[in-house]
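Here's the structure we're looking at; comments come further down.
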Number of protein chains: 2
Amino acid sequence: MAAKTNPIPSVWARQQPAPDQPALSRAAIVREAIAMLDAEGIEALSMRKLGARLNAGATSLYRHVATKDELMELAVDEVAAEIVVPSPDFARADPEADSPDWRAAATEAARSFRATALRHPWLSSVLGQAGLAYLGPNLMSFSERLAALFTAAGFPEPSRAIDTVLSYVIGMSTTEAAWLTTVARSGETEAAFIARLMPAAQQAAAGHDHLTDAYAEPPAADPAEIRETKFAYGLEVVLDGLSLRLPR
Amino acid sequence: MAAKTNPIPSVWARQQPAPDQPALSRAAIVREAIAMLDAEGIEALSMRKLGARLNAGATSLYRHVATKDELMELAVDEVAAEIVVPSPDFARADPEADSPDWRAAATEAARSFRATALRHPWLSSVLGQAGLAYLGPNLMSFSERLAALFTAAGFPEPSRAIDTVLSYVIGMSTTEAAWLTTVARSGETEAAFIARLMPAAQQAAAGHDHLTDAYAEPPAADPAEIRETKFAYGLEVVLDGLSLRLPR
DNA sequence: CCCCAGATGCGTACAGTGTTCGCAACGAAG
DNA sequence: CTTCGTTGCGAACACTGTACGCATCTGGGG
């Protein structure tokens, strides 16, 4: 029986070792997953589509990743590496200032966090579901650098200060990211989306005096700029409150 | 042909108008959905299970609710009614104090928000995905009351103050809710879960000096109490920072 | 060189999901 | 009694995450 009913195993059908395509590996999978999440959002990521993008079957991924949740955890830790937290060297920059510029460092860390959260809006969804229970290496060194920063700043209870500023930053960033996701789904520019939303908002605000005032007219400035100054304002508030807790 | 192959349509098989069971209505659906979300978490809610709980078929729900996302939006607005924001009557309570106790009112609102978020942990997941784009009546009056409070407190830009404190409260509450969800999934008590997590945390912290200090020994006090004082601390910080922005 | 063991890819299958569609039963209106 | 709009629902579709078992490939002894 030379001819079988099964597909003929021909030498030519032999799959070459994927000459250019990157081999299937945990790192490649995570990298491609992040690319997909960034491009199409969190609900567009499925194991089958991800496999297809890697020229692989869906179930092949499970050789390198235990479960989809674990894959998301890996993705979170991967993008956590993008957050830059300045080293606590600010004292050396200006040796005569005995109250060094920890505020600039904290501000830089906060801005970097926000930037990464807006660059990867799916992060907000994952944070809302899984929180900070992840122990990936990048998240750990993120925490470590924050601890170093606020300790060097002189806070008697650095973890309290960290939790406070981090809560503010997370709250503002996730809210912003969720909003931007909604905007992106509409396919419009942010300003156009706001303009289209205004009537509904004004109607919903009917009977509420302060809200009707707030929604009286569309904002004049660039929405992105508005969001940035809003973030900066709240951050200054939090840092002001914290600086009251510094000894002296 | 008295007998057909189809099931015999007997008078006795006629379904009574569901004597005790509540009729299928949008309100009943939302109420039951919230009960399910609270009891079993967000990923346990499916239209089929929800229908079964209401003695109804899965697809019947779509007569009263356009889509599952809309159902979630309704659920969010429903629980938003639980958040109590004090009326700005604090001035009248003590007529001689010209700087009335807006802090107590804001603190009460913040605590109420947190309590609601912890009572319905699924709220965090939804907030991370949809943000504040919802315009339900309860959310609107929540915003209105906040605006009234901070306006009466004398803030020149009340919306800025609101955004700041709300961001902090949302950030801390969602983080906490996500943590509690993880704990609940483990089936253990919070303290037991922490104890079981400690080794992994310590190992992950290896090489990070500040973190190894922080994870040196398990916390002594009741975890729930720790979380509460942490929340209170950060809130004080934010309110301190805000009070610097008050005129005078 | 051969052979075999372990690692890797993947086709099939299962139990579920949200949602659409067309049909049946109903209460009220004419 | 007939008609009509509303409500419920069974079947079906296009997906999802993942377990299982078989094929193939790779590298290291004999």
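Numbered from 1 within each chain, the chains take letters A, B, ... in sequence-line order. The figures that follow rest on heavy atoms only: side chains count, while hydrogens, waters and symmetry mates do not.
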Counting heavy atoms not belonging to Glu217(B), are there more than 12 under 6.0 Å from its CD? no
Phosphate-side-chain proximity, Ser60(B) and dC9(D), N/O vs OP1/OP2 below 4.0 Å: yes
Any carboxylate oxygen within less than 4.0 angstrom of a Lys/Arg side-chain nitrogen, looking at Arg185(A) and Glu43(A)? yes
Counting primed atoms plus P, OP1 and OP2 as sugar-phosphate and everything else as base, spell out the protein contacts along nucleotides 14-21 of chain C at 4.0 Å heavy-atom distance: B, S or - for each nucleotide, 5' to 3'. ---BBBB-
Does Lys68(B) come within less than 4.0 Å of Glu73(B), counting only side-chain N to carboxylate O? no
Within a reach of under 6.0 Å around CD of Gln203(B), are more than 12 heavy atoms found that belong to other residues, nucleotides or ligands? no
Taking Lys230(A) first and then Glu225(A), would you say they form a salt bridge - that is, a charged N and a carboxylate O separated by under 4.0 Å? no
Rounding to a whole Å, what distance do you find between Leu54(B):CG and dG8(D):P? 10 Å
Partners of Arg227(A) by side chain to side chain donor-acceptor pair (under 3.5 Å), sequence neighbours excluded? Glu176(A), Glu190(A)
Under 4.0 angstrom between His64(B) side-chain N/O and dG8(D) OP1 or OP2: yes
Atom CZ of Arg63(A) to atom P of dC25(D): distance rounded to whole Å? 16 Å
Spacing of Asn55(A) atom CG relative to dT8(C) atom P, expressed in whole Å: 19 Å
Would you kindly give the CG-to-P distance between Leu50(A) and dG17(D), to the nearest whole Å? 10 Å
note: Leu61(B), atom CG; dG8(D), atom P; distance rounded to Å ~ 9 Å
